[in-house]
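The structure appears below as structure tokens.
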Amino acid sequence: MRLNKCLKMIEYIHAVLHFAVLIPLVYAVAELSDPAGAGMLYLKCLLIAVPIVLTDIAVRRAQSFVVYILSCGAIIVCLAGGMRGVLYLSAGNGQLTLEQKCYVCGILVETLIIAGMRLYNRVKEAAREREDPLAAKELGMLNCPALSHIWYFVVFYMLGICVNGKSMCDIAFASTIVYTVLALAYEYICAARAYLDINKRTKGISRRRLYGIGLSMLLLYGGLLLVGMLPSVFLIQQRQYTDFREWFSEVELAPLDYVGVGGFETPIQGGGIMELILDGEPAPEPSKLVTAVFWVIGALCVLVFGYGVFLIIRQVFRDFRNGRDENGDVVEEIKDELSQKEEHIYRKRYRGMESEAERIRRRYRKMIRKHRKERPAPYESPAEIEACAGLKDDEAMQQLHTAYEAVRYGKL
């Protein structure tokens with residue numbers, strides 16, 4: 001029961017973090033800012049948790065479409081009235097600013113989107129149950145935390161850099177760290193429960209012990225991941241912003257110092273293009289520590305990329321060797337009895353354990369394969385095999401034939 005509540009709480013936070021970065025992006029694009037700062041703006045955006053929880057309760061308990069629509073309507077009206085009242089009382093002159101109006105509209109639009117997504121998931125789930133009542137339950141976007149969703153926050157982080165939005169980047173960065181921890185915890189709990197349900201051998205082992213082992217590995221991996229995040233935390237002040245809306249505007253001319261030969265004006269000596277980008281200010285020089293950290297990170301990225309390419313190429317060769325049938329099942333490479341014996345003999349010979357009889361058998365097979373391409377039939381005698389290989393009158397073959405016959409009939 002506690003684990004179910006914990007998973008449900010993580011699902012709620014998962015949805016909250018996904019919607020909490022939308023309003024800061026609107027602020028960054030519209031060049032708006034909250035007077036209280038980015039931290040207060042983020043806390044106010046977390047208010048979306050209220051409609052996320054209430055709509056989930058409504059979609060699970062509503063027995064009809066009309067009841068659900070009325071419930072969502074009541075949630076939106078109460079939310080709009082409450083935010084309107086709080087902001088109206090907090091305003092000095094009783095008038096809402098542009099930032100406050102944008103915030104209220106953003107929360108209401110997000111609430112409508114969440115209500116629509118809940119309704120779509122319920123309709124889809126009902127249709128699936130009609131088609132296949134025994135099929136596994138499918139989770140919607142609001143109920144499936146996973147590490148693969150980190151790209152969502154990375155995109156918002158890059159958008160914040162491209163619109164010169166420091167607050168947007170800070171909020172997306174904080175959301176990425178929190179979401180990573182939550183996604184790891186969610187996958188750990190789900191994997192442990194699935195392992196306990198599938199493996200009957202674990203019935204006699206304490207569940208607390210299994211969860212403890214998994215938790216220790218999770219904490220170890222989380223600690224290593226946190227160490228990898230530390231350079232990004234320390235390099236926040238080195239973040240370089242830009243504004244894509246100014247990329248196509250008129251470029252300012254370089255400042256001029258004197259008129260040179262022929263009347264041509266020569267630009268002054270300075271930082272070049274970086275001073276133009278930074279409005280005439282000299283470009284900051286990174287310290288040796290920052291440079292070393294970036295070199296280490298770059299080297300690690302190259303190694304990880306090379307290892308990934310190696311794994312992909314190896315998997316391609318394996319797939320090509322084994323192949324797949326028309327149903328998508330892997331076709332395993334099944335060795336016949338003869339090849340297994342040959343492998344066993346090779347392993348023994350490699351260890352220096354091959355007997356004289358095995359050595360003669362190996363030399364005989366090697367001689368036949370050298371002069372005969374097709375595999376001998378099971379009913380062929382050694383003389384017939386040698387005749388088909390063209391070795392009937394070969395003296396070396398006759399000597400090997402005598403030794404092979406002795407081995408074959410147990411005389412050696």
Side-chain angles (χ1 to χ4, degrees), residues 148 187 191-192 194-205 209-210 213-214 216-217 220-221 224 298-412:
S148 58
E187 293 192 2
Y195 181 79
L196 289 171
D197 294 338
I198 294 175
N199 292 273
K200 297 181 179 180
R201 295 175 298 174
T202 61
K203 298 299 182 181
I205 303 177
R209 179 182 178 185
L210 289 175
I213 295 173
S216 61
M217 298 303 298
L220 177 61
Y221 180 76
L224 296 175
L300 291 177
C301 291
V302 172
L303 292 177
V304 171
F305 177 76
Y307 183 68
V309 172
F310 168 74
L311 292 179
I312 293 174
I313 295 175
R314 187 179 65 176
Q315 187 62 38
V316 169
F317 278 104
R318 287 181 176 178
D319 294 341
F320 180 81
R321 183 179 67 249
N322 295 330
R324 295 178 180 271
D325 65 359
E326 58 184 3
N327 297 323
D329 298 328
V330 177
V331 180
E332 299 291 345
E333 183 180 358
I334 303 176
K335 297 182 179 180
D336 54 8
E337 185 179 357
L338 181 61
S339 61
Q340 291 180 358
K341 287 184 178 180
E342 290 176 352
E343 183 179 359
H344 177 68
I345 293 172
Y346 175 80
R347 187 164 55 250
K348 292 176 65 176
R349 184 172 70 253
Y350 180 79
R351 298 176 182 176
M353 300 174 58
E354 187 180 27
S355 63
E356 181 65 23
E358 292 172 345
R359 189 175 297 107
I360 294 174
R361 291 178 183 273
R362 177 175 55 82
R363 289 175 54 196
Y364 185 83
R365 286 194 298 268
K366 185 177 180 181
M367 178 69 73
I368 296 299
R369 290 175 181 175
K370 184 177 180 181
H371 295 84
R372 184 176 178 178
K373 302 301 181 183
E374 67 276 5
R375 182 183 293 272
Y379 54 81
E380 289 184 281
S381 64
E384 294 175 343
I385 294 175
E386 296 164 9
C388 294
L391 299 173
K392 185 176 182 181
D393 299 328
D394 187 86
E395 296 182 0
M397 188 68 238
Q398 293 298 327
Q399 298 177 0
L400 185 58
H401 173 82
T402 303
Y404 178 73
E405 288 290 340
V407 171
R408 184 184 180 189
Y409 293 105
K411 296 181 180 180
L412 181 61

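Just so it is clear, the model here is predicted, and its values are computed rather than measured.
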Would you mind writing out the side-chain donor-acceptor pairs for residues 385-394 within the sub-3.5 Å range, not counting sequence neighbours?
residue, atom, partner, partner atom, Å
Glu386, OE1, His401, ND1, 3.4
Glu386, OE2, Tyr364, OH, 3.0
Glu386, OE2, His401, ND1, 2.6
Asp394, OD2, Ala396, N, 3.1
Asp394, OD2, Met397, N, 2.9

- [ ] With sequence neighbours left out, write down each residue that passes side-chain contact (heavy atoms from CB on, under 4.5 Å) with Val309, or none if nothing qualifies.
- [x]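 Result, side-chain contact (heavy atoms from CB on, under 4.5 Å) vs Val309: Phe305, Ile313.
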
Open item on the list: Applying side-chain contact (heavy atoms from CB on, under 4.5 Å), can you list everything that pairs with Thr402, at least two apart in sequence or on another chain?
Closed with: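 None.
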
Task: By side chain to side chain donor-acceptor pair (under 3.5 Å) - contacts of Glu380 (at least two apart) - done: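 Testing Glu380 for side chain to side chain donor-acceptor pair (under 3.5 Å), a comparison that skips the adjacent residues, returns Arg372.
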
Open item on the list: For a quick test of reading the model, state the closest non-hydrogen atom pair linking Ile368 to Pro376 and the distance between them.
Closed with: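 Heavy atoms of Ile368 and Pro376 come nearest at CG2-CG, 4.4 Å.
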
Open item on the list: Tell me the closest heavy-atom pair linking Ile360 and Val407, and the distance in Å.
Closed with: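 For Ile360 and Val407, the tightest heavy-atom pair comes out as CD1-CG2, 3.8 Å.
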
